[in-house]
Amino acid sequence: MNSMWVSKHLWANIKKGRNGLFRSTLVCHPELQHRFLHCTCCRTSRIASADIDLLNPSQPCLDSKDAKPLDACYTPEQRAAILQVLNTASESELSSVKMLRGRKSSNIIEYRTRNGPFKDLHSVMNVPLIKHKTTAVVFNSILNPADQSERRKPKVQAVKFIKPQIERKRLEEASSVVSLVFGTNKIAWAHLERGRSVLEWQQEECDRFLRGAYQASVYLEDISPVVAKIPEADFFILEKPGISLQNTNLFPIMLHLRTVEAMLYSLLGARFQQDGQQRVLSMARTAVGKHFELMVGECRTSGAELVRQLLSDSVTQKHPRVAFPHSMVVRYRNMFRLGVRNHREEMCDALLQALAFYELLEGD
């Protein structure tokens, strides 16, 4: 009986929140208690003193129904500046203000057309979709346009087959490009204008490539004279070699190609740089192969046959895919004929890469 009474008594104390077996006394010292700052607008909202840095003095309290009227939160000069924008700005100009993108800006235009200009800040809340919390952000954005760090930046319309990313408009405005392809002992380039006319097409032998202990200084000595012969263009497109990392036997070749690529990037960029704009780009070898249907699985086949056809079409067709000067057709037609042992693969690839650049740019 006594034990039952004790159990009931403890349970009653627990429900009432009194100290008992299952509840310990919490002692809180005054110096450890949270301290709060009360809002000067409504006197009811509060924020912990530890979070004082989160307060934005330019925005009034918006969490209380008893907050100050909107017009009382701003000076007469500030109210005049805000109303000037709201009453005179076009829809596109209003859309640039934070929180006014989309339908809200058009609603402001419709409201002031129907009801006349806004006479005070509070009347802005009569506009559909404009709420009390929205107005403080809008007004602050109008008063401090330079502080809008969160404004969305326009997306750069880049081209996916070119690295690094360059704005499409810049690429489309290029009057000419130089395409460069390099191998184990050659560097070839093709200078092609936007109208698909070949301005220059040749290659240089680098006999010392991959022979003996080839030092970095020797790369510089061999590649610098080649870069000096390359004509100026709006962009220089380097072929991105496609060597599989799984074949360890090809590591020396891959290292060589990466070294040549880095040298060309540096030398071409230093020679032709203008206004700090990137002009040396990379284009994947597989992207060109897929465009001209030269891929067999993951391997790319020779483009010599296609180049022969392009040379022939330049003479026989009224509107050829690529236009070669007559002297160039006579010079290179025999070099790329069937049965010739050296098909000058680097030259073929340089020309096809330049052509693919323009054609992919149009179709992307």
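Residue indices begin at 1 and follow the sequence shown. Computation of the quantities below employed the complete heavy-atom set of this structure, encompassing side-chain atoms and omitting hydrogens, waters and symmetry-equivalent molecules.
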Engineer: With the threshold set at 4.0 Å, does a side-chain nitrogen-carboxylate oxygen contact exist between Asp234 and Arg170?
Structural biologist: no

Engineer: Test Ile223 against every option in Leu268, Leu267, Thr259 by the side-chain contact (heavy atoms from CB on, under 4.5 Å) rule and name the one that passes.
Structural biologist: Leu267

Engineer: Using only atom types and a distance under 3.5 Å, with no angle test, would you say the side chain of Trp189 pairs donor to acceptor with the backbone of Gln203?
Structural biologist: no

Engineer: Taking the basic N atoms (NZ, or NE/NH1/NH2) and the acidic carboxylate oxygens, is any pair closer than 4.0 Å for Arg79 and Asp120?
Structural biologist: no

Engineer: So, using ring pair (Phe, Tyr, Trp, His ring centres under 6.0 Å) as the criterion, who are the partners of Phe182 when residues are at least two apart?
Structural biologist: none

Engineer: With sequence neighbours left out, write down each residue that passes ring pair (Phe, Tyr, Trp, His ring centres under 6.0 Å) with Phe236, or none if nothing qualifies.
Structural biologist: Phe272

Engineer: Taking the basic N atoms (NZ, or NE/NH1/NH2) and the acidic carboxylate oxygens, is any pair closer than 4.0 Å for Glu261 and Lys240?
Structural biologist: yes

Engineer: Please determine whether a side-chain nitrogen of the Lys or Arg among Arg114 and Glu110 lies less than 4.0 Å from a carboxylate oxygen of the Asp or Glu.
Structural biologist: no

Engineer: Would one find more than 12 heavy atoms of other residues, nucleotides or ligands at under 6.0 Å from atom CD of Gln317?
Structural biologist: yes

Engineer: In plain terms, say whether Arg196 and Glu362 are close enough for a salt bridge, that is, a side-chain N and a carboxylate O under 4.0 Å apart.
Structural biologist: yes

Engineer: Just one of Leu180, Ile237, Val178, Leu238 clears the side-chain contact (heavy atoms from CB on, under 4.5 Å) bar with Val280, so which one?
Structural biologist: Leu238

Engineer: Determine, for Glu173 against Arg194, whether the closest basic-nitrogen to carboxylate-oxygen distance falls under 4.0 angstrom.
Structural biologist: no

Engineer: Check whether Arg208 reaches the backbone of Asp222 with its side chain - one donor and one acceptor, N or O, closer than 3.5 Å.
Structural biologist: no

